[in-house]
Amino acid sequence: MPLTIAELETPMPVVDLDRLARNLDGAAAYATAHGLALRPHIKTHKSTRIAGEQLERGAVGVTCATPFEAEVMSGVCNDILVAYPPVGALRAARLAALPRTTKITVALDSLAAIEDIAAAARDAGRPVGVYVELDLGMHRVGVPRIDEALALARAVRDRPPLVFEGIAFYPGHVREQPDQQDAKLEELSARLGEVIRVFDEAGLHPRVVSGGSTPTMWRTHELTGVTEFRPGTYVYNDRSTASIGSCSWDDCAFTVLATVVSTAVPGQAVIDAGSKALGREPMRGVEGEGFGCLLGRTEVIVKSMSEEHGILDLSQTSWRPVVGERVRVIPNHVCIVVHLNDVIVGVRGDCVETSWAVAARGRGYTIEI
Ligand SMILES: Cc1ncc(COP(=O)(O)O)c(C=O)c1O
């Protein structure tokens, strides 16, 4: 007899396989329709199995943030972008030590990072591709000025075995509903056009222009010159992506299955998913909107938490759960919640079909003292 969802222990991270497949298919079809290279960011799922499904559907490679993610993904993917500054000899050496059959590219924004990855690439005797990162509005990493970016690209060109491959940016500052992104996307597009023109005139044509996020993914083709996009959250989606309209509630594939353990205090119900199961990330960085909401009852939010207790606010619903009842929580930020778990369970309807490891969770350090 197959296991049903009612037989699972709680709290349990559960993925709806039909929704996952739909999300994967949608992104792949969009990439094909617009001739864009899809290089999904695996920070959301950290799983070789889902990376494999993305590659099978036509992804050109994957994007990682950490050396451990890249090490784990090199088991299934031979074209990896590490979209994180390769600063520090240890980090750079780990990247350069990835299998030679894997094409490695890094995104960076400083001469120090160039020197670190150039030294590691020379020591390892292998090429490493480089995207020069520009800040086009998010104000996290990336050089703000085109002349600075050009200087970095020249420094890369002068340091074989580094190979200048192109430019990168992350539009993380665009978090409006897709139909309200016009002003920011137009500004982004104009800046990109200018960057590409200046690079071309300098004889440093960016073969790749890499951008993309989940909130902007369906409008990537409108951005001047973009060749590659890197959405991550879209595989599972979450309360944040649904609430800003970059997906519908029906596209939320990941939930935390939980059990109501107390209704003793009026106006609330307590579930066995607290901060150690749901994370503690506020919505859009703003306190007061809770830490998740219920699948099928999005008006019911997890208003507060202790480590193993989640407090459901029942003030906006006539629903009155009983002790022992099961609920499924859509977390605010799914990437953080996935990273709290070793294993994810895949379900189809009520049927538990499969499970997979969050293989790239953690840092993969080897410390011997
Ligand atoms: C550099 C970079 N690229 C792509 C992504 C994916 O963006 P999203 O999670 O909106 O899909 C992220 C997310 O943090 C990122 O940091």
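As the structure lists them, so they are numbered: ligands from 1, and atoms in each ligand from 1. Just so it is clear, the structure is predicted and the values come from calculations on it, not from any experiment.
In terms of protein heavy atoms, atom 9 (O) of ligand 1 is closest to T233 OG1, 2.6 Å. With hydrogens left out, the protein atom closest to atom 7 (O) of ligand 1 is Y170 OH, 3.2 Å, a heavy atom.
Close approach to T214 involves these atoms of ligand 1, each under 4.0 Å from a residue heavy atom: 8 (P), 10 (O), 11 (O). If you number the atoms of ligand 1 from 1 as listed, the ones under 4.0 Å from a heavy atom of G232 come out as 6 (C), 8 (P), 11 (O). Listed by atom number, the atoms of ligand 1 under 4.0 Å from P215 heavy atoms are 10 (O). Within ligand 1, counting atoms from 1 as listed, the ones closer than 4.0 Å to a heavy atom of P231 are 11 (O).
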Side chain to side chain contact (heavy atoms under 4.5 Å, CB included) between V128 and R159: does it pass, once the steps are laid out?
CA-CA 11 Å; V128 173; R159 282 168 183 72; over 6 Å; no

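Remark: E187 CD is loosely packed, at most 12 non-hydrogen atoms of other residues, nucleotides or ligands lying under 6.0 Å away. For D18, the CG atom is densely surrounded, since the number of other residues' heavy atoms within 6.0 Å is greater than 12.
In this pair, H221 and H34 present their aromatic rings parallel. The plane angle is below 30°, not in the 30 to 60° band.
Contacts between K43 and ligand 1, counted as non-hydrogen atom pairs separated by less than 4.0 Å, involve the side chain only.
The cationic atom of R280 (NZ for Lys, CZ for Arg) lies less than 6.0 Å from the six-membered ring centre of F291 and within 45° of the ring axis.
Every residue meeting the side-chain hydrogen bond (donor to acceptor under 3.5 Å, both in side chains) condition with K184, not counting sequence neighbours, appears here in chain and number order: E176.
L312 is not listed as a side-chain neighbour of K303, based on a closest heavy-atom distance of 4.5 Å or more.
Within the set H41, R230, R140, the minimum heavy-atom distance to atom 16 (O) of ligand 1 is found for R140.
Ligand 1 has no N or O atom lying under 3.5 Å from any N or O atom of A83, backbone or side chain. For ligand 1, none of its N or O atoms has an N or O atom of Y234 under 3.5 Å away.
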